[in-house]
Amino acid sequence: MFGYYLDLAIRSLRRNRVLTALMVVAIAAGIGASMTTLTVMHLLSGDPVPTRSNTLFYPQVDPDTSLTEHGEPADVMDYHSAVDLWRSHRADRETLVATAGAKLRAIDVRQPSLMIRVLATTADFFPMFDVPFQYGGGWQAADDESRARVAVISAQLNDKLFGGANSVGRSVRVRGSEVRIVGVLRPWRPSPQFYEVAGGRFSSGNTAGYYARPEDVMLPFFTGVEVAGDTFDVFNCWRVPDNFMHLPESPCSWVAMWVQLGSPAKVSGYARFLAGYAVQQKRLGRFTHADNTRLRGLMQWLDYNRVVPSDVRLQAWLAFAFLAVCLFNTIGLLLAKFLRRSGEIGVRRALGASRRAVFAQCLVEAGLIGLLGGMGGWLLTLLGLWLVRRQPAAYADLVHLDPLMFLTTFALAIAASLLAGLLPAFRASRVAPGLQLKTL
Amino acid sequence: MQIRPILAALRRHRLATMLIALEIALACAVLCNASFLISGRLSAMHVNSGVDEASLALIKLTGFDDAEAVDLNARVQSGLTGIAGMQSVTVTNTAPFADKVGTAGVTTSQEPGHPRAIVDYYIGGPGTFEAMGLRVVAGRGPQADDYHSFIGFVPDNAPVLVTRALAEHLWPGTDPLGKELWCDRLHFRVVGVLEHLVRPDPASFAPNTAEWTVFAPGLPGTKLAGTYLLKADPAQLPRVLREARAAMARLAPDAVVDDEFSRPLSEMREARFRQDRAMAGMLVGVICALLLVTALGIVGLASFWVQQRRKQIGIRRAIGATRRDILRYFQTENFLIVSAGIALGMVMAFGLNLVLMKYYELPRLPWTYFPVGALALWVLGQLAVLGPAMRAASVPPVVATRSV
């Protein structure tokens, strides 16, 4: 029966091409707009470490002594707390993260100096976040404390400085200090750049910066502190520092920490350890708010920071409102189309077709319009994504149509058109055959 | 024109009428709110910077050590001043729409519980204030003996100027001149009030706080180095900046020029609001597509009704109705449906605005948007129905005699 209905639907659509085209264009436009925004949302709100995001946690303490009342603790930690916690080694894996801008010059490569972003982190960073290597690998755990002059560089920097060749063993000068390359990453572009996300609640929804590229040079944490000195990015200072030059002793928060905890028991154990640390620091007089600690999971932390830019969310809402208008439009047109054929339906009913059969036939026709609209919608989605890629946002280069979203385009188009077809099909199936036959 | 027969006819097509009215209501709700969003973006983009943007450019150097700073300032300032057409080269920490470097909290007292604000500090070396072209509305601008060298983040005990917007927030209704400001233990005294001076990054703050800024005079040194404000005639500025950038290789061979912030201020303003411009463009696109789809829906349904009623139209024409009467009939019918849609749409627009206010911190939709939106939809409806109505009017009376 389906084949026959399909045949009838094709004939019917051919009969009134203008009306058919109107419906297909309406569905295509609605689907194109909503799939473009949905794809961007999907890419921006995904899981950046799909293999183990549920075991990654973000501890926070409250070193701020300037306020009498406290809300949420600072988004990142001060040097003292972060290094204390890291040296306790209570988690399966743990890493410190701090970023700085620094001047880089390649040794024996004829290129002008460039300003790059430096990530000071610890050896666990690479296995913990599944960072892929092209050549070599990360540094040893001992290199962090021994301030080894080693570095891991990004694929992009390797291409720029060494033309993509294996540069392990060569050296670069970061802010005047020579470091030896021990590893070169593969192109790595987590979305968002999760390990650095902080301060979302102060951003007024302008969070596109969370989708920037990872840093070009990664140094062992204490090497980085020595090399980059006072050029680290500071999240906040709760007092004006006495000595602005020396960050580790400053009343400023600028070091983030991530821990990997393999089981729920370990998570609650770590949360207790964190609370205990804060109590101990309060006793030492360094903290004033001991009970203000947090241990959020990775996805929880991203949600808390509302990483998806508010403009992107607003666009998605707008697009779906537009789709709704398109659907109302299609319902109206389908109704007109089906009821115009009341006579034909009357004949079919008189010849023995059940209401069900008429209903099914109408739905097949609606579904066919959806399929055609889906194809148009797919093309419009590709156009929309091309437009998004031309936008000046940090996430622009991440945007593409993955297979899941490709299938969703057609599923959404057909579902939308079937939904739009329900009411007109129902009305058509209720056509009284006797009355229609009389007026034929 | 009698409305009752139209209403009677519409009652026969309740479902289709309702659908069109709903479509118009939804379009009205989205139209009002989207236009409001666009106007918000546009007014943010056209924020008054308070400085003489057209004749200012910035050069920002990075990658030098603190020890080189004093020497670097001297070399760059003396080296660039010689460029033909350069009116001034002064040292500053940043400029409107440039790098965000001096954001901090201030309070009006060291005791807790007093008004606070998160402000951006502009720290300018001698000449910067004059080069920016800032307008003082009360008090005085910085004088020669106000400039002192400093080692912290802002010069302590500096005589500062605040914007009118910040003064009204911190000391509502009172004269801000002579008032004290604190940033932790750093202390300032207000000596002047600026008409306007926008934050470097107004897009990241609530619109009503875009001008919460403080201007502090300070002498160039280790903490005020590497960023230079160039002033030239607007027509000469591109060439002057190009020559200044070219001269950097000679004047500061070890430093790296920060391309993002070494541009004319007008270009940096454009870059700061590029995202807003893209968003406004997208909203305009959505509105156009929405109106087009709505119009097509009206055309489709009206054509269907015209075709369905050919016989009745023929009869009406045969018993004396003029073409004008038929045209009027369909126009009135459309007007009634669109009006119903608009009435519902106003309520939906209001509701949508409440949701946007809650989740996107938008202000309340001004009432002026409602009549404008209504007018737009009425015009759209009349234009869309014109074609089918004319076709209806051209139905000849002879149709009435056929196949009855």
Side-chain angles (χ1 to χ4, degrees), chain A residues 18-19 22-23 25-26 29-30 33 66-68 101-104 112-115 175-176 202-206 208 230 237-242 244-245 309-311 313-315 317-319 321-322 324-326 328-333 335-337 339-340 387 390-393 423-424 427, chain B residues 15-16 19-20 22-23 26-27 29-30 33-34 37 62-66 104 112 118 151-154 183-186 201 203-206 223 254-256 258 271 274-276 278-279 282-283 285-286 289-290 292-294 296-297 299-301 303-305 307-308 352 355-356 359-361:
Chain A
V18 178
L19 204 59
L22 276 185
M23 286 189 284
V25 167
S66 71
L67 297 173
T68 42
K103 186 164 70 173
L104 176 130
S113 317
L114 29 125
M115 290 304 291
R175 207 164 172 252
F202 306 114
S203 68
S204 300
N206 290 330
D230 64 331
C237 295
W238 58 92
R239 290 226 174 279
V240 173
D242 295 324
F244 222 90
M245 315 299 268
S310 66
D311 272 4
R313 277 181 284 135
L314 193 60
Q315 283 167 4
W317 282 112
L318 267 174
F322 178 54
V325 171
C326 291
F328 276 118
N329 194 19
T330 311
I331 297 176
L333 295 178
L335 197 65
K337 194 165 172 54
L339 292 186
R340 180 182 286 184
L387 285 174
R390 286 166 46 98
Q391 274 189 23
L423 189 74
R427 287 294 292 259
Chain B
L15 193 60
L19 282 172
I20 283 287
L22 267 178
E23 188 182 337
L26 204 55
V30 175
N33 282 287
L37 284 172
T62 51
F64 59 88
D65 287 332
D66 282 352
I118 304 292
I151 48 157
F153 138 80
V154 193
C183 173
D184 189 21
R185 58 186 161 70
L186 297 177
D201 181 19
S204 293
F205 291 86
K223 284 295 157 196
D254 291 331
V256 181
D258 185 330
R274 206 171 282 159
Q275 187 63 34
D276 290 279
M279 186 71 185
M282 175 185 159
L283 287 168
V286 165
L290 198 67
L292 187 72
V293 167
T294 311
L296 289 181
V299 171
L301 212 63
S303 313
F304 170 65
W305 277 344
Q307 199 152 11
Q308 206 180 29
L352 190 61
V355 174
L356 287 174
Y359 291 103
Y360 294 94
E361 291 160 21

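On a predicted model such as this, the values are computed, not experimentally measured, just so you know. Side chains are part of it too, since the values below use all heavy atoms of this structure and drop only hydrogens, waters and symmetry mates. Every chain is numbered from 1, with letters handed out A, B, ... down the list of sequences.
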Only counting residues at least two apart or in another chain, list the ones meeting salt bridge (charged side-chain N to carboxylate O under 4.0 Å, His left out) with A:R239.
-> B:D184
More than 12 heavy atoms from other groups under 6.0 Å of CH2 on A:W317 = no
Can you tell me if CZ on A:F202 sees more than 12 non-hydrogen neighbours from other groups inside 6.0 Å?
-> yes
Contacting moiety of [X], where chain A heavy atoms sit under 4.5 Å:
X	result
B:L37	side chain
B:L283	side chain
B:F64	neither

Using a 4.5 Å cut-off on heavy atoms from C-beta on, say whether the side chain of A:L318 contacts that of B:V30.
-> yes
Flag the pair B:V293 / A:F322 as yes when at least one side-chain heavy-atom distance between them is below 4.5 Å, and no otherwise.
-> yes
Taking atom [atom1] of [X] and atom [atom2] of [Y], what is their separation to the nearest 0.5 Å?
X	Y	atom1	atom2	value
B:N33	A:L314	CG	CG	9.5 Å
A:R340	B:Q308	CZ	CD	9.0 Å
A:L423	B:L15	CG	CG	4.5 Å
B:I20	A:N329	CD1	CG	6.5 Å

Closest heavy-atom contact between B:L301 and A:G332?
-> CD1-O, 3.4 Å
Can you name the closest pair of heavy atoms from B:Q275 and A:A393 and give their distance?
-> OE1-CB, 3.8 Å
If you count heavy-atom pairs under 4.5 Å between each of A:M23, A:R175, A:Q391, A:Q315 and chain B, which one has the most?
-> A:Q315
Residue part contacting chain B, namely of [X], when any heavy atom lies under 4.5 Å:
X	answer
A:A33	neither
A:S203	backbone
A:R313	both
A:I331	both
A:A324	both

Backbone N or O of B:A203 within a donor-acceptor pair of the A:N206 side chain at under 3.5 Å?
-> yes
Between chain A and each of [options], count heavy-atom pairs under 4.5 Å; write down the option with the most.
options	answer
B:M282, B:R274, B:M279	B:M279
B:A289, B:C183, B:A255, B:A206	B:A289
B:L296, B:L356, B:V154	B:L296

Run the numbers on A:K103 and B:D254 for side-chain contact (heavy atoms from CB on, under 4.5 Å), then give the verdict.
-> CA-CA 10 Å; A:K103 186 164 70 173; B:D254 291 331; 3.9 Å; yes
Would you please name every residue forming a ring-ring contact (aromatic ring centres under 6.0 Å, His included) with B:W305, sequence neighbours left out?
-> B:H13
